[in-house]
Amino acid sequence: MWCVDISAAKPDRILYRGWQLELFLYSMVKGGVPEEDICVTHYSEDPSFDPPTYFSKIFSFYPKLKVSHDIDVGFSPLYHTMDRGIADYCAINKSSALISVYKNNFHQGYETIALLDLDAYMFGKANYEVYPTTTTLTKYPAADPVKFCKVTSGLQGQERLTNEFKDIWGNPWSGINLIKVMESINVPPANIEKVKAGSYNIFIGSEDFTEEVVFGFQYFTIAIKALCAAAGHPFVWQAEMGAYPLTLASYGVDYELSDNVEINDCPYHRDDIPEGTICTYAFDGFSQSSGSKFNKLQYMQTTPFDDDYLIAEGLNYSNSKAERAFYTHCLEIKNNYKFKREEL
């Protein structure tokens, strides 16, 4: 099962999250993923809320889609520390998403439950031959267990050392030592030895999809965010990356690491991108940061589906078939689903 979270800490991010959801769902279903094998989680402070009209419109296109609305365990001052950084960019803490999946038993009957970033799309047909069937984290971006969040971004080309920061004891910031975190809460040494430098996307085998693990992702994210925020670290959205290996190791899960291009979130630098790759258009995916035309932050108040120039340029000048697929998806969504998204 494939899971994504569309929650937003700020109400003016609904359009921004919505078009990403449209693109994700359209590309996955077009790629042969049954819509009933996709779960979308959406959290709110209000347990009786109705989803935004735009989200409900998207859900209506995929009637078999699994959708989980839930009260957000992360709406707290710590949650809002993520709303810092470039242009007050609102990243999302998707580490809590699997709690709702677990509580609703949506995982039952699935061999593997995957949690993906929303800013991604399927290139071509899904290739189940290469997707993990056991608990697996990806190798990029690596979450160094000894100095996690030492730099302000784990993404290639965006690293900046944080020598001006101090940890909560007043010492120069050297990142978070996940091993020492585990030692401080008496994690057994045999479990500590299991920690490896994995990150998202994450694939959890059914036997490891337990209550303690899915809640652990959220709890350890909050702990890491607190340590980062106390030091003034500006990219607290990174916290979830380290929470995955920290949680799995703490609870004794012997997970694998994968560098398969199909799931590693960053295909732009590959000469050959195979079908079935889950491509990202985040900063080091197909974006301006990597020599492409697209910058997702330019579409927070509008959608790429309405930008005819962007689509035409992308179709004509993409660097690969996988990148061109992004613009093809945008054009097809524009032609197949005609409604005024900004007015919803």
Side-chain angles (χ1 to χ4, degrees), residues 2-44 46 48-70 87 89-92 94 97 100 116-124 126 278-282 285-287 293-316 318 323-344:
W2 307 87
C3 305
V4 289
D5 182 55
I6 58 171
S7 308
K10 294 188 174 183
D12 63 351
R13 300 298 194 259
I14 291 172
L15 182 66
Y16 179 64
R17 304 294 288 177
W19 70 253
Q20 292 182 42
L21 177 63
E22 272 199 90
L23 182 65
F24 176 83
L25 292 176
Y26 182 82
S27 68
M28 294 290 281
V29 173
K30 180 182 176 182
V33 176
E35 60 187 77
E36 60 267 30
D37 290 349
I38 304 172
C39 180
V40 176
T41 60
H42 180 217
Y43 293 88
S44 171
D46 181 0
S48 62
F49 79 108
D50 291 321
T53 304
Y54 184 18
F55 292 174
S56 296
K57 182 79 169 179
I58 298 169
F59 298 153
S60 72
F61 301 149
Y62 304 96
K64 296 180 181 179
L65 182 72
K66 291 179 173 67
V67 180
S68 176
H69 304 296
D70 208 342
Y89 174 62
C90 177
I92 205 65
K94 74 178 191 293
S100 185
L116 309 179
D117 266 0
L118 183 59
D119 50 5
Y121 62 95
M122 177 70 73
F123 166 51
I278 301 164
C279 300
T280 180
Y281 48 90
F286 293 123
S287 72
K293 302 287 185 181
F294 189 69
N295 181 348
K296 67 177 184 177
L297 296 185
Q298 294 178 352
Y299 296 90
M300 302 188 82
Q301 305 300 326
T302 184
T303 80
F305 315 141
D306 300 317
D307 191 336
D308 293 336
Y309 178 80
L310 170 79
I311 293 173
E313 286 286 293
L315 291 174
N316 288 327
S318 289
E323 182 185 359
R324 188 170 295 108
F326 172 88
Y327 300 102
T328 300
H329 292 327
C330 288
L331 180 61
E332 291 174 352
I333 291 170
K334 172 186 175 67
N335 292 335
N336 294 337
Y337 300 99
K338 297 181 182 294
F339 62 99
K340 296 187 179 299
R341 296 162 175 84
E342 293 86 346
E343 297 178 5
L344 295 180

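Here D117 contributes atom CG and D5 contributes atom CG; the two are 10.0 Å apart, rounded to the nearest 0.5 Å. Atom CE of M300 is separated from atom CZ of R17 by 9.5 Å, given to the nearest 0.5 angstrom. One finds the OH atom of Y281 at 9.5 Å from the OH atom of Y121 (value rounded to the nearest 0.5 Å). Remark: E36 CD to L65 CG distance equals 9.5 Å, nearest 0.5 Å. Atom SG of C279 and atom CZ of F326 lie 11.0 Å apart (nearest 0.5 Å). Atom OH of Y26 sits about 6.5 Å away from atom CD1 of I333, to the nearest 0.5 Å.
Within a 6.0 Å radius of CZ in F339, other residues, nucleotides and ligands contribute more than 12 heavy atoms.
Counting heavy atoms from C-beta outward, F59 and V40 have side chains that approach closer than 4.5 Å. The shortest distance between side-chain heavy atoms of K296 and P304 does not fall below 4.5 Å. Taking the side chain as every heavy atom from C-beta outward, L315 and T328 approach each other to under 4.5 Å.
The side chain to side chain donor-acceptor pair (under 3.5 Å) test applied to N316 returns no partner, not counting sequence neighbours. For S100, the side chain to side chain contact (heavy atoms under 4.5 Å, CB included) partners are T41, Y43, S68, D70, N104, not counting sequence neighbours. A search for ring pair (Phe, Tyr, Trp, His ring centres under 6.0 Å) contacts involving F24 returns nothing, not counting sequence neighbours. The ring pair (Phe, Tyr, Trp, His ring centres under 6.0 Å) test applied to F123 returns no partner, not counting sequence neighbours. In this structure T302 satisfies the side chain to side chain contact (heavy atoms under 4.5 Å, CB included) test together with Y299, D306, E342, sequence neighbours excluded. Under the ring pair (Phe, Tyr, Trp, His ring centres under 6.0 Å) criterion, F55 pairs with H42, sequence neighbours left out. With sequence neighbours left out, N335 forms a side chain to side chain contact (heavy atoms under 4.5 Å, CB included) with L331, K338. Legend: residues meeting ring pair (Phe, Tyr, Trp, His ring centres under 6.0 Å) with Y337, ordered by chain and number and at least two apart, are F61.
Counting only residues at least two apart or in different chains, salt bridge (Lys or Arg N to Asp or Glu O under 4.0 Å) contacts with residues 20-32 comprise E22-R341, K30-E332. Listed by first then second residue, pairs satisfying salt bridge (Lys or Arg N to Asp or Glu O under 4.0 Å) with a partner in residues 55-67 number zero, not counting sequence neighbours.
Among all heavy-atom pairs drawn from S60 and P63, the shortest one is O-CD, 4.0 Å. Between S27 and M122, the closest heavy-atom pair is OG-N, 3.0 Å. The shortest non-hydrogen separation linking Y62 to V29 is CE2-CG2, 3.8 Å.
Although no hydrogens or angles enter the test, the distance criterion places a donor-acceptor pair under 3.5 Å between the side chain of T280 and the main chain of D119.
When V67, L21, I58, I14 are each tested for a side chain to side chain contact (heavy atoms under 4.5 Å, CB included) with I6, only one passes: L21.
Ring planes of W19 and F294: perpendicular class, angle over 60° (limits at 30 and 60°).
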List the steps and the verdict of side-chain contact (heavy atoms from CB on, under 4.5 Å) for D308 and K334. CA-CA 10 Å; D308 293 336; K334 172 186 175 67; 3.1 Å; yes

